[in-house]
Amino acid sequence: MNGTILADGLSKHFSRHRRAGLLRRWRTTVRAVDGITFRVEPGEMVGYIGPNGAGKSTTVKMLTGILFPSGGTARVAGLDPARQRVALARRIGVVFGQRRQLWWDLPLGTSFELLRHVYRVPEPRFRANLATFVELLELGPFLDTPVRQLSLGQVMRGELTAALLHDPEVVFLDEPTIGLDVESKARALDFLSALNRERGTTVMMTTHDVADLERMCPRMLIIDSGRLIFDGPVADIKRFGVERTLVVDLEAPRPALWVEGVDDVRVDGRRQWLQFRRDQVSAPDLIARVASAAAVVDLTVEETPIEEIIRRIYREGMEGLTA
Amino acid sequence: MTYRTSTVLLTIGAALATFMDFLMIAAIMGHLPTLDGWSLPEVGLLYGIAGVAFGITDMCVGNLDLLPRQIRDGTFDVVLVRPVGSLFQVLAMEFGVRRVGKVLQSGAVLAISLTRLHVAWTGPKVAMLAVAPVTASLIFGSVWVIAISQVFWTVDTGEVANSFTYGGSFLTSYPISIFSGWLRDLLAFVIPMAFVSYYPALFILGRPDPLGLPAFTPLLTPLVALAMLGVAGLIWRTGVRHYRGTGS
């Protein structure tokens, strides 16, 4: 197993032609990925996030050998994706959330059989893997159903299986949860976590839904406008969330409790949301002040949702947060 | 097979449609005793070889029609992350119902024409008759691959490619010598449609070439077919490289 993913100054520039007048054309260069460097160790599970158009898919396409880089180097499982695309294809699994690789008119099970031949998976290995995935993802009831008749969640479970039947060392997932309902999404993500834990498969997953990653990827890479702006544990991102909210349930409805240290208050009947900054006032102090001002029945302290922190990173950059 | 009825209907439909083609040629020739010196059974030989080859080509590489869509909706990316050649995957890995009717009908025209021709059969002529549908299919198939490869650059619907595929079928159903000018030379020799049916038929019929090429020209047919195959492979690979450069 050598499921390392390496990117060193990886770049992709596209030329775009824009018409200006009848014959003149302007050539503009779009830096979709602009010098990205990171290293993912074998058996790691990383989330790759960023707003739409940040360069997530372009990066994945370069790492899987679909696109040639304009600059820098990539190395996946010890191979150069651009030049050893076919050799690499045997050792990686790729799931595109928006592109089907299953055969639309064939029963799901037949698609898997075809892939066995495409990847030349030894028969016993194939049977064992298929049995495992059928059980974990509960594919049994619709193995004989043509893919076109399956629900989106069922198709995605099939796609996951299709990408993993040949025991890849590295799995890339590009927006795998797009369009899935909560239940299907949870099932797919739990499955990926188990795969990473039990088989040591390296997993790199792009998404714009941060909640997906918070539960399963200890490490996050954030890309914006083609540049890597954060690479670290999810806990480090949470530290940037200095805003907290104290939610109190009072005995009786009261006007807003503007005690010292509170930045903002929202009132709804007997419940109030008091927003404060962790670096200005401590939660116990604030709770003591509130308790002395009103009769409190129940309370909780809420952290800034991670989506909110990341939205602010996109908006203001890392500097805005560390300052 | 889920689509049994539609397969049968499609086959009958295709056979009828292509039979109308030949009726049209027969109707033209009802007014003219010969077409540039070719009798109806002789044109039938030409038409039969080209038709059988077109039908075989359509069955083998007809899936190329799917390429423009695969490039536009991004499913071609899926092809590139599998450990099998991209052309093979496009040709073989989607399942479309393909017309068998054209092969059957053209084969019938070919058989009937052969019974009405007075050919002094020799070994080389029999060999040519056996080889011609194969080499013709290779030439047609190569032209289709080359023609569709333009979508790697243009990302359009591939309609331009149709003028080469169906245009080639039309052109090869008539003696090349009835066309004229630079366009004929382009189609006959640069896109070597003359080697699909015209030169093999000349050889079988023992006719001199009115275009004045040497007598051994028909024997070049297998070489031309192999050369076309090589060119097609090269252009496909160049196209895929271009796609992987731009990803558009």
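Numbered from 1 within each chain, the chains take letters A, B, ... in sequence-line order. Given the structure is predicted, the values throughout are model-derived calculations rather than measurements.
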Smallest separation among heavy atoms of B/Pro83 and A/Ala89, with atom names
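Residues B/Pro83 and A/Ala89, closest heavy atoms: N-CB, 3.6 Å.
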
At their closest point, which heavy atom of B/Asp77 faces which heavy atom of A/Phe96, and how far apart are they?
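Closest heavy-atom pair between B/Asp77 and A/Phe96: CB-CZ, 4.2 Å.
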
Gap between atom CZ of A/Arg100 and atom OG1 of B/Thr75 - 0.5 Å precision
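Atom-to-atom, B/Thr75:OG1 and A/Arg100:CZ are 11.5 Å apart.
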
Output the distance between atom CG (B/Leu80) and atom CG (A/Leu67), rounded to the nearest 0.5 Å.
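Output value for this atom pair is 9.0 Å.
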
Go through the atoms of A/Pro81 and report whether side chain, backbone, both or neither lie under 4.5 Å from a heavy atom of chain B.
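The backbone, not the side chain.
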
Taking side chain as everything from C-beta outward and backbone as N, CA, C, O, which of these in A/Val94 sits under 4.5 Å from a heavy atom of chain B? Side chain, backbone, both or neither.
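Answer is side chain: those atoms of A/Val94 sit under 4.5 Å from chain B.
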
Among [options], which has the most heavy-atom pairs under 4.5 Å with chain B?
options	result
A/Val86, A/Ile66, A/Thr64	A/Ile66
A/Ser15, A/Pro69, A/Ala82	A/Ala82
A/Gly93, A/Pro146, A/Gly65, A/Ala87	A/Gly65

Should we count CZ of A/Arg127 as having more than 12 external heavy atoms under 6.0 Å?
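Yes.
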
Do other residues, nucleotides or ligands put more than 12 heavy atoms under 6.0 Å from the CZ atom of A/Arg227?
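Open.
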
Does A/Lys12 use its side chain to pair, donor to acceptor, with the backbone of B/Gly245 at less than 3.5 Å?
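Yes.
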
Do B/Arg82 and A/Leu115 make a side-chain contact, defined as non-hydrogen atoms from C-beta onward lying under 4.5 Å apart?
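A side-chain contact under 4.5 Å exists here.
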
